[in-house]
Amino acid sequence: MNKACSGQISARDVSERKEMNCGIHGVSFSSSATPSERRLSALARHLISPTESCSCSASGVSASITSSDVGSVFSHVARAPEDPILGVTVAYNKDSSPVKLNLGVGAYRTEEGKPLVLNVVRKAEQQLVNNRSRVKEYLPIVGLAEFNKLSAKLIFGVDSPCIRDNRVTTVQCLSGTGSLRVGGEFLTRHYHQRIIYIPVPTWGNHPKVFTLAGLSVKSYRYYDPITRGLDFKGLVEDLDSAPSGAIVLLHACAHNPTGVDPSIQQWEQIRQMIRSKGLLPFFDSAYQGFASGNLDKDAQSVRMFVADGGECIVAQSFAKNMGLYGERVGALSIVCKTADVAGKVESQLKLVIRPMYSNPPIHGASIVAAILRDRTLYDEWTIELKAMADRIISMRHQLFNALRDRDTPGDWSHIIKQIGMFTFTGLNVRQVSFMTREYHIYMTADGRISMAGLSSSTVSHLADAIHAAVTHVA
Amino acid sequence: MAIMKVFSSRILSRITVPGARSMSSWWRSVNPAAKDPILGVTEAFLADPSPDKVNVGVGAYRDDNGKPVVLECVREAERRIAGNLNMEYLPMGGSLNMVQETLKLAYGENSELIKDKRIAAVQSLSGTGACRLFADFQKRFCPDSQIYIPVPTWANHHNIWRDAQVPQRTYHYYLPETRGLDFAALMDDVKNAPNGSFFLLHACAHNPTGVDPTEEQWQEISYQFKVKGHFAFFDMAYQGFASGDPEKDARSIRIFLEDGHLIGISQSYAKNMGLYGQRVGCLSVLCEDEKQAIAVKSQLQQLARPMYSNPPVHGALIVSTILGDPDLKKLWLKEVKGMADRIIGMRTALRANVEKLGSTSSWRHITDQQIGMFCYSGLTPEQVDRLTNEFRIYMTRNGRISMAGVTTGNVGYLANAIHEVTKSA
């Protein structure tokens with residue numbers, strides 16, 4: 001009797017494995033059998049007792065089967081839909097119109113519509129290239145130590161109690177996505193509560209990241225389409241009914257996709273509620289410095305949750321604020337009660353990372369460390385960062401004014417009230433479609449536009465498109 | 001606005017919150033994890049103050065002075081890249097350019113399979129990332145399958161398929177008595193596995209043993225795989241490093257392709273381009289036709305997106321710059337051969353030195369049966385511990401020696417130490 005089909009496994013296992021591997025009934029999982037053939041063979045299997053049907057001896061079965069007869073084991077794989085966000089750029093690239101506008105992905109563009117590499121990044125790059133003694137060995141599993149320390153100081157503040165007390169562990173990860181995933185996997189293994197609450201709406205990738213990490217995703221109300229602002233009452237109600245210990249995903253600033261942030265007073269109320277209910281805050285900080293133009297101001301929400309002595313988790317990304325998108329630089333920090341606990345937590349984070357990608361990429365983290373450690377480069381960076389944030393704020397005002405000048409129906413003040421890279425326009429799916437078809441404007445179907453993709457020369461085109469959509473499409 | 005400032009600073013300085021301070025840590029019951037057996041060796045080595053210490057642990061190449069090496073072709077590529085290109089997101093599947101060049105290395109420069117677009121391929125986070133992506137894909141689309149892993153193998157293989165929740169089985173590989181391949185038992189395991197099983201194969205320079213099947217043995221393995229309808233997943237982390245010739249090192253894969261297998265491959269540039277820390281690699285899955293390849297690639301991307309969104313650009317740019325320029329590519333091939341030749345030279349030297357000391361054990365395996373970066377010395381964990389404690393020689397406890405860490409400067413010392421701990425055995 002075949003070794004694999006020995007007594008320990010259940011009859012069901014045996015019959016399923018037969019279908020997979022043994023091809024006894026002429027149908028292996030990988031062949032080009034039709035669905036009805038497969039159904040018939042599944043039925044046949046149920047009519048035969050497991051013990052007598054499992055005779056997968058090599059000589060008996062498939063001397064006649066060659067690889068050309070056996071098709072791919074993956075022939076049943078269906079094509080996945082395009083990623084809704086990255087798919088926008090794919091569609092944009094296919095469009096040949098000279099007036100097309102890409103307001104999809106949140107990547108910064110200059111006034112000329114070009115990607116921007118910061119001057120400080122170019123300087124850091126040169127330093128790295130010129131340093132012949134630099135090698136490209138493996139980083140430790142937790143990444144570049146200096147980068148980790150500097151990243152923690154950036155988000156928590158140089159004098160943060162958690163740094164001073166050595167009770168935060170910071171590990172380099174693959175940008176924001178990687179930090180969220182590693183954090184999620186850690187929680188699934190070591191935290192007593194598997195439920196994470198995410199705001200509605202949120203970045204499209206959040207639910208997938210946490211689900212694949214093994215968490216169960218629930219939501220809390222966040223955006224109010226009527227006011228185009230924060231549904232604070234709904235938020236409080238939903239978090240109040242969360243089970244004790246549940247994880248709560250919070251956007252540290254510049255909420256993606258709505259651009260709607262709680263006020264400082266509202267943050268304080270959120271903090272009190274989270275602490276009194278024993279919920280675990282998990283911050284996604286992808287826009288520090290990009291929202292207001294000030295790094296400390298954009299970190300206030302996070303710092304409040306450290307100042308009260310409690311624990312929290314923070315995912316940091318340097319994709320936008322340092323323009324290092326493709327280098328995949330980020331950090332996951334877990335603020336613990338004690339240094340001892342932080343040490344143990346770090347050791348467990350390594351076990352999550354090692355079977356995922358062993359250790360993180362060195363290049364981007366080296367650039368960040370070079371900038372953050374050097375006073376001159378750091379100061380230059382803050383200036384370039386503020387310039388990017390200011391340009392976006394200026395685009396908000398220009399768009400608002402353009403719509404006002406056209407007497408476009410509706411209240412568009414949310415454009416200047418919302419903060420960060422994105423504006424949640426409030427346009428519906430049909431209006432968005434119309435704008436893409438008639439005006440070659442590319443944006444996500446939820447009505448989110450990346451202000452970074454706008455320039456003074458393209459604002460009118462967008463305003464025309466919005467005006468037309470609002471007046472012609474219900 | 002001044003009022004707002006005062007108000008907010010008052011809030012930040014207030015520390016009384018019901019529950020925050022009095023709660024104990026969420027993580028109090030988290031146990032300290034065991035150190036990684038391989039990477040932990042280098043940590044211990046770095047912490048050792050002894051001037052005689054030798055690191056033959058991690059498989060990272062060293063020159064004859066024991067120094068890490070950045071290839072000249074890489075330096076030149078970086079010079080060209082710095083200041084010239086932007087750092088925008090790559091697509092989820094990574095750099096198309098780099099993936100194309102990488103497929104040529106594995107499947108052949110003029111491969112019909114590449115021309116027919118039958119290969120679903122994505123840029124991955126080096127070899128680890130490629131294996132993990134494949135394991136996740138296998139779990140999702142062949143949920144009842146398991147993976148057969150050789151004994152021994154790179155320790156992280158077990159972690160990868162475990163975290164992907166794919167059940168594991170093992171197959172015989174290394175025979176301690178001969179310090180070579182246990183071919184008969186391997187073939188038995190292949191025959192006895194249920195039809196259509198998934199097997200992990202090391203394409204060349206098996207890690208940790210350095211023992212590879214001969215070409216004839218590969219032919220037999222391929223034939224038996226056909227008979228059984230098994231799926232072959234190749235981990236190729238050392239192409240170029242084994243013999244010095246990338247084409248020769250890909251022979252096992254080419255045999256399987258000639259026989260019509262639909263295989264999967266993990267490729268890494270960590271060692272053969274010295275790009276360790278850049279995390280550059282490629283996962284490919286050979287499909288029946290272009291349509292299937294498109295479907296499979298799209299699903300691989302769906303697994304990458306919630307893990308890291310898209311792969312890092314820098315390492316990929318280095319690879320495509322080098323492989324896309326005939327002169328740089330020639331330089332690279334020359335440098336790879338140089339590294340492989342130095343290692344082959346150290347194998348010869350180590351064996352000669354130990355034999356010269358009058359060792360009664362057989363050390364033929366170092367040169368005759370093993371290839372690539374690693375030598376499976378046959379030392380026991382206790383003997384390894386003695387090497388470390390008495391001679392400050394650092395290696396993994398399975399007796400694996402990274403030949404890349406051996407130099408003309410330390411080969412005598414290493415041979416002597418090995419002789420000392422084995423002569424009473």
Side-chain angles (χ1 to χ4, degrees), chain A residues 3-4 16 20-23 28 56 58 65-68 70-74 77 79-80 115 117 122 125 129 135-139 174 177-178 181 190 208-209 212 264 268 275-276 307-311 324-328 336-337 341 344-345 347-348 351 354-358 361-363, chain B residues 8 11-12 15 17-21 25-27 30 32-33 36 60 68 70 78 82-83 86-90 125 128-129 132 141-142 144 156 159-160 163 191-192 194-196 226 229 231 260-262 275-279 287-288 294-296 298-299 302 305-309 312-314:
Chain A
K3 254 194 223 169
E16 280 175 0
M20 262 300 293
N21 302 317
C22 304
S28 77
C56 322
I65 292 179
T66 61
S67 279
S68 47
V70 175
S72 167
V73 295
F74 301 118
V77 172
R79 186 174 184 171
V117 178
R122 287 283 182 234
E125 252 194 323
V129 162
V135 293
K136 300 188 188 318
E137 296 280 283
Y138 291 122
L139 283 178
L174 278 99
T177 308
R181 176 64 177 267
H190 297 285
K208 292 182 215 152
V209 170
L212 285 207
I264 198 84
E268 171 57 17
R275 292 312 191 196
S276 62
D308 69 9
E311 296 179 318
L324 292 173
Y325 308 95
E327 303 292 349
R328 320 308 294 127
C336 310
K337 279 286 182 172
V341 170
K344 290 193 274 194
V345 166
S347 72
Q348 291 291 349
L351 294 193
R354 176 59 158 154
M356 210 184 268
Y357 52 84
S358 283
I362 190 173
H363 190 70
Chain B
S8 59
I11 290 168
L12 286 175
I15 55 172
V17 170
R21 279 242 187 274
S25 173
W26 293 123
W27 321 116
V30 171
D36 184 278
V70 177
E78 289 215 294
N86 64 50
M87 291 153 175
E88 295 286 282
Y89 291 124
L90 283 176
L125 293 161
T128 308
R132 176 56 179 270
F141 291 100
C142 290
D144 298 325
N156 206 25
N159 301 333
I160 290 168
D163 275 18
K191 287 174 192 160
N192 291 330
N195 287 12
K226 269 171 64 179
F231 184 95
H261 290 282
L262 297 174
L275 295 179
Y276 309 93
Q278 305 290 349
R279 319 310 293 129
C287 301
E288 288 170 312
I294 290 172
V296 169
S298 74
Q299 294 293 350
Q302 288 286 325
R305 176 58 158 155
M307 201 186 282
Y308 49 84
S309 281
V313 63
H314 191 72

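Lettering of chains follows the sequences in order, A, B, ..., and the numbering in each one begins at 1.
- Minimum interatomic distance between A:Pro355 and B:Ile160 (heavy atoms only, all atoms of both residues): O-CG1, 3.6 Å.
- Taken from CD in A:Glu327 to CG in B:Leu90, the straight-line distance is 9.0 Å, to the nearest 0.5 Å.
- For a residue to count as touching a neighbouring chain, one of its non-hydrogen atoms must lie under 4.5 Å from one of that chain's; by this rule A:Arg354 touches chain B with backbone and side chain alike.
- Between B:Met87 atom CE and A:Tyr325 atom OH the span is 12.0 Å, to the nearest 0.5 Å.
- In this structure, B:Glu78 CD and A:His363 NE2 are separated by 6.5 Å, a value rounded to the nearest 0.5 Å.
- Of the atoms belonging to B:Asn86, heavy atoms from both backbone and side chain fall under 4.5 Å from chain A.
- Put simply, CG on A:Leu139 and CD on B:Gln278 are 9.0 Å apart, with the number rounded to the nearest 0.5 Å.
- Heavy-atom distances place both the backbone and the side chain of B:Ala82 under 4.5 Å from chain A.
- The line from CG of B:Asn159 to OG of A:Ser358 is 9.0 Å long, rounded to the nearest 0.5 Å.
- Considering every non-hydrogen atom in both B:Tyr308 and A:Arg328, the closest pair reads O-NH2, 2.8 Å.
- How far CD of B:Gln302 is from CG of A:Leu212: 9.5 Å, rounded to the nearest 0.5 Å.
- Under the 4.5 Å side-chain criterion, counting only non-hydrogen atoms from C-beta, B:Pro306 is not in contact with A:Thr177.
- Taking B:Phe231 as the reference, A:Phe74, B:Phe134, B:Phe198 meet the ring-ring contact (aromatic ring centres under 6.0 Å, His included) condition, with sequence neighbours excluded.
- Judged purely by atom type and a 3.5 angstrom limit, B:Arg279 has no side-chain atom pairing as donor or acceptor with the backbone of A:Pro361.
- Interface residue A:Leu351: backbone and side-chain heavy atoms are both found under 4.5 Å from chain B.
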Query raised in the report: Should A:Met356 and B:Asp163 be marked as a side-chain contact (heavy atoms from CB on, under 4.5 Å) after you check the CA-CA gap, both sets of side-chain angles, and the distance that decides it?
Result: CA-CA 8 Å; A:Met356 210 184 268; B:Asp163 275 18; over 6 Å; no
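- Looking at A:Val129, the atoms closer than 4.5 Å to chain B (heavy atoms on both sides) all sit in the side chain, from C-beta outward.
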